[in-house]
Q: 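Before we start, here is the structure in question, set down as structure tokens.
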Amino acid sequence: FLTNQTMGCSASNAIDQDTYDDQTPNATQTDINDDEKHAICTELASLMHEDDKTWSKVFDKLYNKTDYSMDSKSSSMDDDDTIRMNFIKRMEEMPGANKVIYDSVLKWYLDLKDIDDIEDEKYCELDEIHNNKIEEEIYKKEHIAEFDISSLDERMPISDVWKLVTPKTRYDLELVMKDAVDNNKKIKAMGSRYGFTNITFTDGCLIDMVNGCCNPHLEINKNLLNDYGSSIFNKNNLHLTESGASQKSINCNLWPPHLSDNRRKLKNELNNEWFKCLAHTTGYDELSIGGVVSVGASGHGHIEEHGMNGSIASDIRSFCLLTVDSNSNKIIYKQIEATNGIHNKQQFESYYNGSDLKQRPKIELIQNDDIFHAVISSAGCMGVIYSMYIEVIDACFLSEERYMISLKEFKESGWKNVINNKNILSHQQWLLPYKTRFKLFKKDYPVIITTYQKSDEIPPNKIPYSVIPPNNLLRASNSSGIIVAALICHLSQSMPWLCKLLLSSGVDGVCHDEPIVMPYCQAILFGNGNAVPNQTSGLGIEYENENTLFNIFDDYIEIMEKLYDENKSLVTATLATRFIAPSFGFLSMANYNKYTLWLEQPIIDFKYSKYKILGPSIGSTPNTINTLNQFNKYFINKYNGSPHLGLYFETNK
């Protein structure tokens, strides 16, 4: 459960590193003996039982599988009254000073719960589509809604921006770029604003693509395609979209929930054609397609090689770039694709000959592998990508399995069991660098393994909570997810020993006993989305064999144990790993023409988040930025890692 709350891309915003306060906010670590620790754990557990079954699932582990168990009678019982009575008895036996700690934690929890109810109401406006009778107008409102950019001034020096513009058409985009050039201003395109670096910072013209050129479906002129392009188009597998469209809106266009019984149908009954979906998406699907491709983001989903995900850029067949001619300072158009691209060059350039500036501007078609791979993931430095042709796949269902084993077992047999199973399409591993309190794994570290296989079963109409789509996590859990994350963050500041205990005791809460079938585009949502704010770093490392993975796991544990011993620095989420096939894009963290092991490390951070009430009071996990810097520095230096351009890494001005 805790793992699921804090994985992948999140709502934490880019920050100005010069102004980031990485100190523990108003918290002091408290020295407490084992009895006192036990009492606090027991009280927290009783609160969970009293408040929410989801919390109970996590903290049941605390009773039955840890050294902090109560007497044999109560540890085997599941009665709330017994739990609370036992806690009262324990508290009565303890010195008065410990009651202060208990009161503090209890009051903080209750205050937080009240506050979060307010936040929960505010951020639950975009409802999940689970109603089969939903109107198409509501569907459009849900998935083509404007993004809120009111918090932009809190993330970047917005006062330095010359002009913030929102072009609605390709011609509008050309005009605003021309205006910037005429005024000798730099140009920067902005996506859905979830980048963790200063990648969109500018003092020039900032172009808001996600509220502007964000149409998830454009018509394709099939007469301009060559044989290769026509072969994809004739299978209905070629999709054209504006770059500001989110991956979610594209998937909703390809596989509309309101036309497919909440994605429980694979074919459209109106025309008997297969629904489609993106082959790869990021773990959080409300990121713009142009943004994730430009920073070289990896994807989850369809496999080019066994067990290997592909990069999202690997699905792009062609894209339209607006840039500035260095000689004339005019805005020019380039349609860029691989050498064996999808268009007929003569027909394309004959059609886009400049005869109509709004509908048919002059566009040069470039079919060159080197240029395509250089520009596709260039972080917006080569121009503004207006539109993209994406090769999509048939809709299907996936069966997800998620289970926990020890690191020792993972090395001895767990890894081989995964890679030798030819039915597994995709897999990921999560590692917690703190030994569990479970008796079974007491002397080892927990590894959570997630695997996906194709399934012929029809998914349930309501997905079980533990695998609820991350972008709906806040609604699904009411306020539990945020409270758990806030509690972990709070305790990391004042009682890090307890934070480690809660992480290691609850890490398997995300596992499920039986496989769960889900729609493809829902199953591959690996991240946590908007639910839990955090700072996240990610690296791509060349993958040679299993020893690459095992050595990295050992090094990671050593680094995190050292940081904790030095200054009680914690990671408040698991390390995520997955594997990526050779990628498009020279600058992508998914290595060009090489297999890549992808590492992603989130750390809970409320300080720079959308939670205006919770954020200041909760603050950040202590030493967040230093921990991520140490993580990046080590793996970049030792393993020649490539940083994810959209996640946090140390940059200069």
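Below, each value reflects all heavy atoms present in this structure, side chains not excepted, and no hydrogens, waters or symmetry copies.
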Q: Evaluate the ring planes of H239 and H217, with Trp represented by its six-membered ring, and classify them as parallel (under 30°), tilted (30 to 60°) or perpendicular (over 60°).
A: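 The arrangement is tilted - the two ring planes meet at 30° to 60°.
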Q: Would W430 and Q428 count as having a side-chain donor-acceptor pair, cut-off 3.5 Å?
A: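 Side chains of W430 and Q428: no pair found under 3.5 Å.
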Q: Tell me if the CG atom of N271 is crowded by more than 12 foreign heavy atoms within 6.0 Å.
A: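 Yes, enclosed.
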Q: Can a cation-pi geometry be assigned to R263 and F275, taking NZ or CZ under 6.0 Å from the six-membered ring centre and within 45° of the ring axis?
A: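 No, R263 and F275 do not form such a contact.
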Q: Does a salt bridge link E269 with K265, judged by any charged N lying under 4.0 Å from a carboxylate O?
A: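 Yes, E269 and K265 are salt-bridged.
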Q: Any side-chain heavy atom of S399 sitting closer than 4.5 Å to one from Y452?
A: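 Sidechains of Y452 and S399: no contact.
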Q: Is the distance from the ring center of Y520 to that of W274 below 6.0 Å?
A: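 Y520 vs W274: aromatic centres not under 6.0 Å.
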Q: Work out which heavy atom in C213 is nearest to a heavy atom in T169; give both atom names and the distance.
A: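 The pair with the smallest heavy-atom distance is SG-O, 3.7 Å.
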Q: Which atom names give the shortest non-hydrogen contact between Y403 and I405, and what distance separates them?
A: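 Between these two residues, the closest heavy atoms are CD1-CG2, 4.0 Å.
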Q: For the side-chain hydrogen bond (donor to acceptor under 3.5 Å, both in side chains) test, which of T241, T281, T282 pairs with Q247?
A: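 The single option meeting the side-chain hydrogen bond (donor to acceptor under 3.5 Å, both in side chains) with Q247 is T282.
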Q: Once you measure the plane-to-plane angle for Y389 and H343, does it fall in the parallel (<30°), tilted (30-60°) or perpendicular (>60°) bin?
A: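 Because their plane-to-plane angle is over 60°, the rings of Y389 and H343 count as perpendicular.
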Q: What about the rings of F372 and F319, do their centers lie closer together than 6.0 Å?
A: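 Centroid distance F372-F319: below 6.0 Å, so yes.
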Q: So which atom in V293 and which in S377 form the shortest heavy-atom distance, rounded to 0.1 Å?
A: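 Scanning both residues completely, I find the closest heavy atoms to be O-OG, 2.8 Å.
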Q: Looking at every non-hydrogen atom in both residues, tell me the closest pair between S288 and S192 and how far apart they are.
A: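 Nearest heavy atoms, S288 then S192: N-OG, 3.1 Å.
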Q: Could you point out which residue of V517, L425, I516, T451 forms a side-chain contact (heavy atoms from CB on, under 4.5 Å) with L398?
A: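 For L398, the side-chain contact (heavy atoms from CB on, under 4.5 Å) check succeeds only for L425.
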Q: Which heavy atom in M404 sits nearest to a heavy atom in C511, and how many Å separate them?
A: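 Heavy atoms of M404 and C511 come nearest at N-SG, 3.8 Å.
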Q: Start with the C-alpha gap between Y386 and Q335, add the side-chain angles, then the distance that decides, and say whether side chain to side chain contact (heavy atoms under 4.5 Å, CB included) holds.
A: CA-CA 10 Å; Y386 164 70; Q335 189 73 34; over 6 Å; no
Q: Taking the six-membered ring for Trp, is the centroid-to-centroid distance between F196 and H644 below 6.0 Å?
A: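 Between F196 and H644, the centre distance exceeds or equals 6.0 Å.
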Q: Looking at M518 and P459, what are the two nearest heavy atoms and their distance?
A: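 Nearest pair, atom of M518 first, then P459: C-CG, 3.9 Å.
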Q: Could you tell me which residues satisfy salt bridge (Lys or Arg N to Asp or Glu O under 4.0 Å) with E364, sequence neighbours excluded, listed by chain and number?
A: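 E364: salt bridge (Lys or Arg N to Asp or Glu O under 4.0 Å) contacts with K334.
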Q: With rounding to the nearest 0.5 Å, note down the distance linking CG in L287 to CD1 in I312.
A: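 CD1 of I312 is found 8.0 Å from CG of L287.
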